[in-house]
Amino acid sequence: MSNRTRDLDHRHLWHPFTQQRAWVEEEPVVIESAEGTDLIAADGRRYIDGTSSLWCNIHGHRHPTIDAAVRTQLDRVAHSTMLGLTHAPAAELAARLVEIAPPGLARVFYSDSGSTATEIALKMAFQYWRQRGGQHARRTFFIGLAEGYHGDTIGAVSVGGIDLFHGAYEPLLFPKRCVPAGDPQALAMALEHYGEETAAVVVEPLVQGAGGILVQPPGYLTRVRELCDAHDVLLICDEVATGFGRTGTMFACEHERVAPDFLCLGKGLTNGYMPLAATLTTERVYEGFLGEPEDFRTFFHGHTFTGNPLACAAAIASLDVFEDESTLLRIQPKIRLLDDLLAEISRMDEVDEVRGRGMMAGIDLGPHDPALRLGHRVTLAARERGAIVRPLGDTIVLMPPLAISKRDLARLVQITADSIRAATRAAYPGGQPASLGELHRARGRAVSDGGGATRAA
Ligand SMILES: Cc1ncc(COP(=O)(O)O)c(C=O)c1O
């Protein structure tokens, strides 16, 4: 069965973010089912889902509450459009999201991926200022952060800052200004120069995920909000990765009591069950779109599967599980355990730096020849030992479901450490160059703690 899957895959599929030439040379893991925080392959092997199936899963797979909610909805209707109609799961979920979101966010616009959630925030911000008219119509630019990532559609790529992913598309992108993350002075200067032309500042609050699990210093987000306010610029917080408990609070913005003008949600919204995303905004922005139909102040945007009822039912059930299982309370000791385990990892000679916050961690193996594919080697070694992890270049990302047991969390980190050692040994058969260990030591191997500060290992 799995041979057939592999053969069809190699013949017909094209995988995301994947060099297919290398892909077809490897035996793929064919996932057949899942249980709790484990993925189970067609050959019966079990793996800890160390990436939460691409940063989505929170409460574990096949959670009975969410499974039941989807089945119940399936008995009613699987899909009905939000264009010209409404339905209870979409309305109920919107009310629940507004209830838990930072203050002032009162309106919910659904879509189906993190990329579209960002596109929507960008288009809304742009159109909002155009419709304000007068000098505000000049606000057509966006400011993003270096190493920022907001998805792969053209608008999201335009405000992104990862050259490897975004550079090739430069001629297709709309102009934006990029400032180094974590440096309020750089943003202050950009707004000083371009504030009156800027529609919005776009940030991943506290932790920039795809950029390499980069942690911003404490107080940065607060300063970003203050600077946006001072220049009457809208703030878009992309919590597609950080939302739903990932950093230890429901939303990362809460750590600094910041309320953005737009909050982009995806991934964990449905516990990773179904493609659903949401862009939340304020009544102020919403009212900027009100008028007579013939005024054409409508937000002309919508996707076929916007607000899909099955997905909304899964999302409501996921929020129920947060309450039923006190997920945010129960995650705290696990975060402390992960911090302790990561402090150990940061002492390894093979490790340059450990970054992260809450249940997001990046283990940076430092500069290596890309041809060695060290990060990839680590994922293969981890697979042999029973865990699925994924690299961002030579940074190994650990992003387990919040529901993971302490035992499995410790096992995941142990597997990762063993895999880093084994992969480094295999990549450097003559021994890891001494200069690399020394380089790491010289750079003051550090682990970023829960407060965003770095503490020496
Ligand atoms: C912060 C952030 N924004 C947006 C996205 C894009 O989400 P999607 O892949 O669902 O389009 C991601 C995906 O990793 C993300 O991490």
Side-chain angles (χ1 to χ4, degrees), residues 15-18 49-58 109-123 125 142 144-162 164-166 169 176 178 181 200-216 221 224 235-247 251-253 260 262-280 301 303-308 311 314-315 318 355-362 389-393 395 397-399:
H15 286 260
F17 281 93
T18 300
D49 187 357
T51 65
S52 294
S53 294
L54 214 59
W55 313 358
C56 293
N57 196 284
I58 300 165
F109 195 101
Y110 292 118
S111 60
D112 44 33
S113 74
S115 305
T116 54
T118 315
E119 293 283 345
I120 287 161
L122 297 172
K123 285 176 72 178
F142 292 90
L145 300 183
E147 307 305 324
Y149 179 78
H150 305 284
D152 297 330
T153 52
I154 291 298
V157 169
S158 293
V159 294
I162 302 179
L164 175 67
F165 300 166
H166 304 145
Y169 306 103
K176 65 114 192 318
C178 216
V201 171
V202 191
V203 301
E204 291 162 82
L206 269 66
V207 185
Q208 294 181 251
I213 318 291
L214 306 172
V215 182
Q216 296 157 5
L221 185 64
V224 171
L235 174 61
I236 300 172
C237 280
D238 174 354
E239 293 230 27
V240 169
T242 52
F244 300 104
R246 233 341 113 191
T247 65
F251 301 112
C253 289
F262 295 93
L263 181 70
C264 303
L265 303 175
K267 290 192 183 283
L269 175 56
T270 62
N271 193 44
Y273 267 47
M274 234 123 13
L276 181 70
T279 307
L280 277 67
H301 187 115
H303 302 279
T304 304
F305 293 110
T306 288
N308 171 265
S318 178
R355 299 181 289 266
R357 181 147 193 171
M359 292 293 262
M360 290 177 98
V389 298
R390 246 192 94 77
L392 286 164
T395 298
V397 177
L398 296 185
M399 193 91 81

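All ligand and atom numbering here is 1-based and tracks the order in the structure. Both backbone and side-chain heavy atoms feed into the values below; hydrogens, waters and symmetry mates do not.
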* Asked: CG of Asp238 to CZ of Phe262: how many Å apart, nearest 0.5 Å?
  -> 13.0 Å
Atoms of ligand 1 close to [X] [distance to a heavy atom under 4.0 angstrom, numbered from 1]:
X	value
Ser115	6 (C), 7 (O), 8 (P), 11 (O)
Glu204	1 (C)
Ser113	10 (O), 11 (O)

* **Short N or O distance, Asp238 and ligand 1, threshold 3.5 Å exclusive** => yes
[atom] - nearest protein heavy atom and its distance:
atom	answer
atom 8 (P) of ligand 1	Gly114 N, 3.4 Å
atom 5 (C) of ligand 1	Val240 CG1, 3.7 Å
atom 16 (O) of ligand 1	Ala241 CB, 3.6 Å
atom 12 (C) of ligand 1	Tyr149 CE2, 3.5 Å

One residue to check: [X]. Relative to ligand 1, which of side chain, backbone, both or neither has a non-hydrogen atom less than 4.0 Å away?
X	result
Lys267	side chain
Trp55	side chain
His150	backbone

How close do [X] and [Y] get, heavy atom to heavy atom, and via which atoms?
X	Y	answer
Glu204	His150	CG-CE1, 3.9 Å
Cys264	Ala117	SG-O, 3.6 Å
Val215	Gly356	CG2-N, 3.3 Å

Between the side chains of [X] and [Y], does any donor sit under 3.5 Å from an acceptor?
X	Y	result
Glu239	Thr242	yes
Ser53	Asp49	yes
Ser115	Thr118	no

* Asked: Looking at the rings of Phe244 and Phe251, which for Trp means the six-membered one, are their centres under 6.0 Å apart?
  -> yes
